[in-house]
Structure formats: structure tokens, C-alpha cells
Engineer: 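Sharing a structure below in C-alpha cells format, with a few things to ask.
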Amino acid sequence: MSSIWFNKSITLDDIKDFGKETMAAYLDMQWIEIGDDFLKLSMPVNEKTKQPYGILHGGASCALAETIGSAASALAIDMSKDMGVGLEINANHIRSAKEGRVTGHCTPLHLGKSTHVWDIKIYDEGEKLICVSRLTVAILPKK
């Protein structure tokens, strides 16, 4: 399979600082893997990401999904000419997580000239599905 990334030789080391000094850093998100057509990003289930009932906050799952999908769009375009901005996100929370780390696995559903649609599945450490999200990103020319 051919890589979907603009930089065909991109590595995990190239994206390790993607999101530095942002919400992703505050929530301790960490890049796990990059493949020809996917990205993986993890996040702890802790005091920063839990809701009052002691389980992973749905908003934290959405933050993970938006972070990984937005990064995927950025990596799939020529960032010197275009930029990607979130247009719509939805999430179905399937199962709760109380501890450990969750990992988002992001793959493309559509890579068009003006929009990208990403499928993000979030799993716990036991590979149980926690959340399913879809992110639509608008691709806009830089001014």
C-alpha cells in the first residue's frame, strides 16, 4: 500500500512534538505509531481526563479523537499551501474506562481536495472498544 502522508518518509520521531504546548500536552497524549494509512495516539485515564464518576470523560475522548484526526489531515496535505480545520466531530461512547491508558486508532474514510473524513476508534489497554468517533476536516488554502 502507498502511504497517504504528504511526506512519504515520515516517522514517529518526526511527529513526537506535534501538539507540544497544547491541550494534547496537558492531557499527556503520546504518539504511539504511524503507518502508511493510520496514526495511533494514547492518553491516560487520570484526574485530568476523568469525569466526577471516576470514568473517562466523553469530552476527553473527543479531544483525543480531534487531536489525532486533525494531525492526520495535517500530515496528508502540503502544509505550506493548505491547512486543515475541524468541521464536525461526533462520538459514540461504547464502554467506560476507569484506569490505564486509552489509545486512538485513526484511519481515513475520505481524503478529498476540500474535506477529509477520519474514523477514530478508541480502545482501552485490554483492546476493548471505548469510543467510536468520526471527524470531518475542511481543507482550506493558506492566505
Side-chain angles (χ1 to χ4, degrees), residues 1 3-7 10-143:
M1 164 181 274
S3 175
I4 63 170
W5 312 123
F6 182 76
N7 173 357
I10 195 159
T11 67
L12 192 58
D13 197 51
D14 295 326
I15 64 170
K16 70 177 188 279
D17 290 332
F18 214 67
K20 189 176 181 182
E21 298 182 20
T22 67
M23 181 190 296
Y26 177 76
L27 297 179
D28 192 28
M29 294 181 193
Q30 296 176 349
W31 295 103
I32 300 298
E33 188 177 355
I34 184 168
D36 286 339
D37 68 344
F38 71 89
L39 279 177
K40 288 186 181 182
L41 178 67
S42 76
M43 173 180 72
V45 179
N46 62 18
E47 69 284 349
K48 292 180 184 177
T49 60
K50 287 182 182 180
Q51 45 119 299
Y53 298 117
I55 60 176
L56 182 64
H57 193 292
S61 293
C62 287
L64 179 68
E66 179 121 9
T67 300
I68 194 171
S70 295
S73 276
L75 295 173
I77 62 175
D78 181 350
M79 289 187 284
S80 71
K81 296 178 182 177
D82 296 317
M83 64 180 182
V85 295
L87 192 58
E88 190 268 343
I89 188 167
N90 68 50
N92 293 101
H93 307 293
I94 310 298
R95 175 180 280 110
S96 63
K98 295 181 179 179
E99 61 188 12
R101 290 188 78 85
V102 292
T103 299
H105 184 214
C106 178
T107 57
L109 294 172
H110 168 74
L111 294 175
K113 184 176 179 177
S114 61
T115 60
H116 292 173
V117 181
W118 298 96
D119 178 58
I120 300 108
K121 291 184 173 76
I122 300 173
Y123 299 93
D124 67 11
E125 291 175 318
E127 294 297 315
K128 290 183 180 170
L129 186 62
I130 301 299
C131 178
V132 176
S133 181
R134 185 180 64 230
L135 174 69
T136 303
V137 177
I139 307 302
L140 304 172
K142 283 187 174 177
K143 295 183 181 190

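Please read these numbers as outputs of a predicted model, since none were measured by experiment. Scope of the values below: all heavy atoms of this structure, side chains included, with no hydrogens, waters or symmetry mates.
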Engineer: To the nearest 0.5 Å, what is the distance between CG (Asp78) and CG (Asn7)?
Structural biologist: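 Nearest 0.5 Å value for the CG-CG distance: 11.0 Å.
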
Engineer: Given the side-chain rings of Tyr123 and His105, with only the six-membered ring counted for Trp, is the space between their centroids under 6.0 Å?
Structural biologist: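 Between Tyr123 and His105, the centre distance exceeds or equals 6.0 Å.
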
Engineer: Residues in side-chain hydrogen bond (donor to acceptor under 3.5 Å, both in side chains) with Asp119, at least two apart?
Structural biologist: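 Asp119: side-chain hydrogen bond (donor to acceptor under 3.5 Å, both in side chains) contacts with Lys121.
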
Engineer: Could I get the full list of side chain to side chain contact (heavy atoms under 4.5 Å, CB included) partners for Glu88, not counting sequence neighbours?
Structural biologist: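 Checked Glu88 against side chain to side chain contact (heavy atoms under 4.5 Å, CB included); matches are Asn90, Arg134, Thr136.
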
Engineer: Atom OG of Ser42 and atom CD1 of Ile122: how far apart are they, to the nearest 0.5 Å?
Structural biologist: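 Ser42 atom OG to Ile122 atom CD1 measures 11.0 Å (nearest 0.5 Å).
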
Engineer: Going through the checks in order, is the side chain to side chain contact (heavy atoms under 4.5 Å, CB included) test met by Val102 and Thr49?
Structural biologist: CA-CA 11 Å; Val102 292; Thr49 60; over 6 Å; no

Engineer: For Ile55 and Lys98, work out which heavy atoms get closest and say how close.
Structural biologist: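 Distance-wise, the nearest heavy atoms are CG2-CG, 3.7 Å.
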
Engineer: Just verifying a value: how many Å separate Met29 CE and Thr22 OG1, rounded to the nearest 0.5 Å?
Structural biologist: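 The CE atom of Met29 sits 7.5 Å away from the OG1 atom of Thr22.
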
Engineer: Does a side-chain heavy-atom distance below 4.5 Å link Asp124 with Leu56?
Structural biologist: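 Not in contact.
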
Engineer: Step by step, would you call Leu41 with Cys106 a side chain to side chain contact (heavy atoms under 4.5 Å, CB included)?
Structural biologist: CA-CA 8 Å; Leu41 178 67; Cys106 178; over 6 Å; no

Engineer: Whether Asp28 and Arg101 form a salt bridge (side-chain N of Lys/Arg under 4.0 Å from carboxylate O of Asp/Glu) is what I want to check.
Structural biologist: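 Salt bridge: yes.
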
Engineer: Can you measure from NZ (Lys40) to OG1 (Thr107) and round to the nearest 0.5 angstrom?
Structural biologist: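 Going from NZ on Lys40 over to OG1 on Thr107, the span is 11.0 Å.
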
Engineer: Roughly how far, to the nearest 0.5 Å, is CD of Glu125 from CD1 of Ile130?
Structural biologist: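 So the CD1 of Ile130 and the CD of Glu125 are separated by 10.0 Å.
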
Engineer: Indicate every side-chain donor-acceptor pair of residues 64-77 with a distance under 3.5 Å to a residue at least two apart or in another chain.
Structural biologist:
residue : atom : partner : partner atom : Å
Thr67   : OG1  : Ala63   : O            : 2.7
Ser70   : OG   : Glu66   : O            : 2.8
Ser73   : OG   : His116  : ND1          : 2.8
Ser73   : OG   : Trp118  : NE1          : 2.7

Engineer: Mark yes or no for whether Lys142, through its side chain, and Met79, through its backbone, hold a donor-acceptor pair below 3.5 Å.
Structural biologist: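 Here the side-chain-to-backbone pair exists.
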
Engineer: What is the distance from atom NZ of Lys48 to atom CE of Met23, rounded to the nearest 0.5 Å?
Structural biologist: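 Lys48 NZ to Met23 CE: 12.0 Å, rounded to 0.5 Å.
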
Engineer: Identify the heavy atoms of Glu33 and Leu12 that sit nearest to each other, and give their distance.
Structural biologist: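 The pair with the smallest heavy-atom distance is N-CD1, 3.7 Å.
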
Engineer: Identify the two heavy atoms, one from Ser61 and one from Met43, that lie closest to each other, and give their separation to 0.1 Å.
Structural biologist: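 Of all heavy-atom pairs spanning Ser61 and Met43, the closest is N-CE, 4.4 Å.
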
Engineer: For the pair Trp5 (side chain) and Ile10 (backbone), establish whether a donor and an acceptor sit closer than 3.5 Å, ignoring hydrogens and angles.
Structural biologist: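 Not at all, since once roles are kept as given, no pair shorter than 3.5 Å links the two residues.
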
